[in-house]
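Notes follow once the structure below has been shown.
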Protein chains: 2
Amino acid sequence: MVRMSAADRRAALIEAALRVVSREGLAQATTRAIVAEAGMSLASFHYAFDSRDELVDELIGTVVARERKAVAPEELIAAAGAGASLAELVEAGLLRYFDHLRADPEHEQAMLELTQYALRSPERHPLAVAQYDRYTDLVVEALEAAADLTGARWRLPVEHVARVLVAFSDGLTITWLVDRDDAAAARVAAAAADALSRMADPR
Amino acid sequence: MVRMSAADRRAALIEAALRVVSREGLAQATTRAIVAEAGMSLASFHYAFDSRDELVDELIGTVVARERKAVAPEELIAAAGAGASLAELVEAGLLRYFDHLRADPEHEQAMLELTQYALRSPERHPLAVAQYDRYTDLVVEALEAAADLTGARWRLPVEHVARVLVAFSDGLTITWLVDRDDAAAARVAAAAADALSRMADPR
DNA sequence: AGGCGACTGGGTCAACTGTCCCAGTCCGTC
DNA sequence: GACGGACTGGGACAGTTGACCCAGTCGCCT
């Protein structure tokens, strides 16, 4: 038995829960499965959390807060070449995201499952909204950087552009999770980048 | 008590199950909830189906087989005007799908949940693949009709174009289910139509 | 009319799940 | 080194769920 503070225990349980959800799905993430994954006893669970619902809510908050830009703009320049166009930059960014998806499909599947779970009850709906707001914010940053780097200027509010890109990436994700067709995903990325780049005036 | 054939009973249970899944989610679709919705006793369930899993599998098959083109091409012409461009036609089609989504969001949410459920086990994965193949087939038909009507010609295999459109519609669906932002969904539809139309040579 | 098989209702069972409790153990503080 | 509270392990409990069973009922065919 390992002694740890309540805060550490909550964090450890959340990590364990994320692993279980990724591996087996939210429905299989029972309190017993989670504590087994964390190597704790069942009592520790209810010492750290009032209920399973409380843990799941906090799990969503945690993964959302932890979500990072898949790519730094500098990386993209390196990947796409110095004289890259906006479309090429956006496509490189999407492909980078796709690499990330391919490296850990279960994680994205878990995120999707958590979203759907949150959508199912009115009081948890805001969690899903926050999740997608976060996605949009990250994309906004990337799009602004991409515009800066290429000297282009978004013709729409960049939040609108980002919202479209979030939708496209989500579609790319689900369809790829279903058919695992890399070439098809690449075509989706190219089409999305093309559409996006037309929302900007090049300089 | 109503007497009905085993086939009718299976069908009635599947309809009831779809209603429960739409209204409350797959996790809440217990055998008891389903028979209550169908107005039967629990024994009737296991007379008609060997197990709940068998019903869920058949439910997926049923809803996939039932999936119809949201729009007939003639309708689109009426909606988009006689001299509509390919991009306008595709956008009109997407908006028509969006109307359908807005009219019954719970149904699309249920479809998404069933997909994720199927993705979770290797032996059910093919059900998800079949579901998306069906989507793609429907879109292929619509895209061919749209090209005919405008005299355009797809530069890529139309299946590839359709696969991209399926991804885009899926993204439109999920993001709208989360934020219910009609204007944002319209922008996604416009961007998707724009990207798609560039995959064809106009005549 | 009789009989056979399809069908139904109600009850039952074991497994699982979330939650709780209690007796005991450990750690930092005085 | 004693003490109080933080922490842990094992067990228990009630509710839910999928599955099943059996006695009985009904419709159809001969």
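Chain identifiers are assigned alphabetically (A, B, ...) following the order of the sequence lines, protein sequences preceding nucleic acid strands; residue numbering begins at 1 within each chain.
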Point to revise | Within residues 28-37 of chain A, residues whose heavy atoms come under 4.0 Å of DNA chain C | key: A:T30, A:T31, A:R32
Revision key, fill the gap. Within residues 47-61 of chain B, the residues having a heavy atom closer than 4.0 Å to DNA chain C are B:Y47
Check your understanding: According to the interplanar angle, ranging from 0 to 90°, do the rings of B:F98 and B:W176 count as parallel (below 30°), tilted (30 to 60°) or perpendicular (above 60°)?
Key -> perpendicular
Practice item. Measure the acute angle between the ring planes of A:Y135 and A:Y132, then classify it against the limits of 30° and 60° as parallel, tilted or perpendicular. Key: perpendicular
Give the rounded distance in Å between these two atoms: [atom1] of [X] and [atom2] of [N].
X     : N      : atom1 : atom2 : answer
A:F45 : D:dC7  : CZ    : C1'   : 17 Å
A:L42 : C:dT17 : CG    : P     : 11 Å
A:L13 : D:dC7  : CG    : P     : 13 Å
A:H46 : D:dG11 : NE2   : P     : 17 Å

Practice item. Answer yes or no: is there an ion pair linking B:R134 with B:E67, defined by an N-O contact shorter than 4.0 Å? Key: no
**Study point:** Salt-bridge present (B:D99, B:R102; N to O < 4.0 Å)
**Key:**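 A salt bridge is present here (some side-chain N lies under 4.0 Å from a carboxylate O).
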Review point. For the side chain of B:R23 and the backbone of B:E106, is there at least one donor-acceptor N/O pair under 3.5 Å apart?
Key: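 Judged by distance alone, no pair lies under 3.5 Å.
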Check your understanding: Distance-only, no hydrogens or angles: does the B:H125 side chain make a donor-acceptor pair with backbone N or O of A:V178 under 3.5 Å?
Key -> yes
Point to revise | Residue from A:L112, A:I174, A:L26 passing side chain to side chain contact (heavy atoms under 4.5 Å, CB included) with B:Q116 | key: A:L112
Practice item. Let me know, please, whether A:A43 or B:S44 comes out on the 5' side of the other along DNA chain C by nearest nucleotide. Key: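 With A:A43 and B:S44 compared, the 5'-side residue is B:S44.
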Point to revise | Residues that B:E24 engages under salt bridge (charged side-chain N to carboxylate O under 4.0 Å, His left out), provided they are two or more places apart | key: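 Partners of B:E24 by the salt bridge (charged side-chain N to carboxylate O under 4.0 Å, His left out) criterion come out as none, since no residue qualifies.
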